[in-house]
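Notes follow once the structure below has been shown.
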Protein chains: 2
Amino acid sequence: MPDSREPAYRYRQVAEALRDRIQGGEWVPGERIPTEAALAAEFDVNRLTVRQAITQLRIIGLVDTRQGSGTYVANPVPLLEVSMASDDDVDHGSLRATAHPAVGHVHERLLSVTPDADAQAAALLSVPASRLFRIATLLESDETLYAVCDYWIDGDRFPGIADGWDDGETMGMRLQSEFDVTAYYSWRRFRADAADPAIASQLGVTVGAPLLIRDGVSHDEHGSPVYYVVRRMRGDRVAYTVNYLDRPTRDR
Amino acid sequence: MPDSREPAYRYRQVAEALRDRIQGGEWVPGERIPTEAALAAEFDVNRLTVRQAITQLRIIGLVDTRQGSGTYVANPVPLLEVSMASDDDVDHGSLRATAHPAVGHVHERLLSVTPDADAQAAALLSVPASRLFRIATLLESDETLYAVCDYWIDGDRFPGIADGWDDGETMGMRLQSEFDVTAYYSWRRFRADAADPAIASQLGVTVGAPLLIRDGVSHDEHGSPVYYVVRRMRGDRVAYTVNYLDRPTRDR
DNA sequence: CACGATTTGTTCGTATGTATT
DNA sequence: AAATACATACGAACAAATCGT
C-alpha cells in the first residue's frame, strides 16, 4: 500500500524537500541555496525537474532567483499596512479613510494622461465616455514602488486636472486645490488577481504574481460622482486594514 | 534597429499571439484552442515552448487546461460580491458587517477542530497559546467552494463550540446560540497571496493562484477578544465591497 | 464495459543564450 | 576576460486523463 502522502511526481518531491529545508531553518533568508545543477545531482533528477520545483517555490514566494547569480531564500518583506480607521475628529462616527498612516511618506507620481472612453467607468460616473480621461500614476513609499493606479475622470468638469502635478501631491489634494472639490468614497472594492505581463513589468514582479486590487468610486459633497480609481498593489508588499475603534461591529 | 517592443523570446511571442487571438474574439470563451502539437507546428517551435506560453496564459486566467482533453478559453467567472455596508437598522451609524448579502445561501462547513498553540493568535487574543483551538471550515455558495477559513478561539472560555455544528450555521451564530455572545469586529485586514500546494488542493485551484486573504479579530460587548479568523478566498471568485451609504467619507 | 486514439502532464538529455561574479 | 548560474529552446519518450467507438 503506497503512502498517499508521498506525491508521485519527482518535481513535487523535490519541491517539498526544498521547502522543508527552508522552513526547517537549514537555509536562512537571504542565503543562496545550491545551484540547479548541484540539486539535480543530489536528487538524481534532470535539471529541468529541479527548475520546475524551484518555479513552484518562487511563485509561492519562498525563494527568489537571480539570473547569473543564484537562487536565494526569500527575505520576508515587511508589509505596508494601509489603514482605514474611524477617525477621532469625525463626530458622526462614520468610517473615514485615513490613507497610509502606517507607511512612510507616500509619493504619487504622474505617469500619463490620455483620453480613454472606458465604458465601465462612464457608467459608474454617469458621464459620456467620450469626455473621460485616464490618469495613470505610481505610488511609492520610501523609494519603494508598491502600486500602479488608474483614475478615470470627466475632462469637461475637471479640465487640466493633471497639469503641474507635483510628486508630493495626490489626486485628492489636487481636486481640493484646483477645483475646491472634496472627494468622498461611495464604495471601495477589494479583489485579488494575477499580474499580467504589462502590470508585472511596471511593478517589477514576475508574471502571475498576486496583486491586491482596490477600486472604487468617489463623489463630492453633493453626491455627484467625481472619479473611478483602480489601484493595483503588490500582494507581497501591501495589506489594507479596516479598524473599528469607536463602536462594536457585528460579525455575522 | 530592432523593435524593442517585440520580445526576443519565442515563448513570449507565442503567448502574445495567442492572447491577441483570444482577446480579439477569434476564439470564444469555452472553445477549445488547437492542441499544443498543432500550435508548435504552426509557430515552428518546440512543444515545450508552446507549453511555456500556455502556462503564462493559464496563470493570468485566460485559459484552462484539462489533461487528456485540451486547452480552453476561460469562461469569465461571475464574482461573488461580498458587501460590508452601513446598515439601516444600526442607529449609531457605525459600519456593520453584513456578510454575503449579494451571494446566495452560504454554507459554512466544519472541517476539523484541533488544539493549536499558535503564537500569533495567542498574542492577538491575549490568551495562553496552550488554550487555543483551531477550527477549520469551508465556505460555499450555491454549491461552489470559495474560501477556507481558520478560527482560533479560547477552548477554556468556549468549550465544545464546534460540537454539533450544522452546515447552515456560522461561527457568529454558534457563539450567539451556545454562549449568548455577540461577536463584533475589532479590525479586518485584506491581503493577496499565492496559493501554496496545501491551500491549492483544498480550494481546487492551481499552485500559485491568487488568493484574497482577509483576517481579523472579533471581540464581545465588553471589548474582550473572542476569536482570530483567517479567510483564504479564491481571487477569481470573490470581491469584497465596502459601501459608504450614509455619510460622505473623505478620500485622501 | 473495454479499448484505442487523442491530448495534456512529466521527465530525460542536450545545447545555447544572457546576466552576474 | 573567464567562469558561473539561471533562462530559453530543441528533440524524444512515456505517463495519465479524457473521449469516442
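Per chain, numbering begins at 1; letters A, B, ... match sequence-line order. As a basis for the values below, the full set of heavy atoms in this structure was taken, side chains included, without hydrogen atoms, waters or symmetry mates. Bear in mind the structure is a predicted one, so any value in this text is a computation, not a measurement.
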Quiz prompt | By salt bridge (charged side-chain N to carboxylate O under 4.0 Å, His left out) - contacts of B/E42 (at least two apart) | solution = B/R21
Exercise. Under 4.0 Å from any heavy atom of chain A: name the first and the last nucleotide of DNA chain C that qualifies, 5' to 3'.
Key: C/dT10 to C/dT21
Quiz item: Going by atom types alone, do A/R232 and A/Y146 pair a side-chain donor with an acceptor below 3.5 Å?
Solution: no
Self-check item: salt bridge (charged side-chain N to carboxylate O under 4.0 Å, His left out) partners for B/R234, two or more places apart
Solution: B/D236
Self-check item: Contacts of B/R66 that satisfy salt bridge (charged side-chain N to carboxylate O under 4.0 Å, His left out) - sequence neighbours left out
Solution: none
Quiz item: Across all strands shown, which nucleotide pairs with D/dA1 by Watson-Crick or G-U wobble geometry, both distances under 3.5 Å?
Solution: none
Practice problem: Output yes when at least one side-chain N/O atom of A/R51 is less than 4.0 Å from OP1 or OP2 of D/dA5, else no. | Solution: no
Exercise. Can you sort out the partners of A/E169 under salt bridge (charged side-chain N to carboxylate O under 4.0 Å, His left out), two or more places apart, ordered by chain and number?
Key: A/R174
Self-check item: Whole-Å distance separating the CD atom of B/E36 from the P atom of D/dC10
Solution: 14 Å
Quiz item: Do we see a donor-acceptor contact under 3.5 Å between the side chains of B/R214 and B/Y240?
Solution: yes
Practice problem: Going 5' to 3' through nucleotides 12-21 of chain D, assign each nucleotide B (protein heavy atom under 4.0 Å from a base atom), S (under 4.0 Å only from sugar-phosphate atoms) or - (no protein heavy atom that close). | Solution: -B--BBBS--
Quiz item: Between A/D64 (CG) and D/dA5 (C1'), how many Å, whole number?
Solution: 15 Å
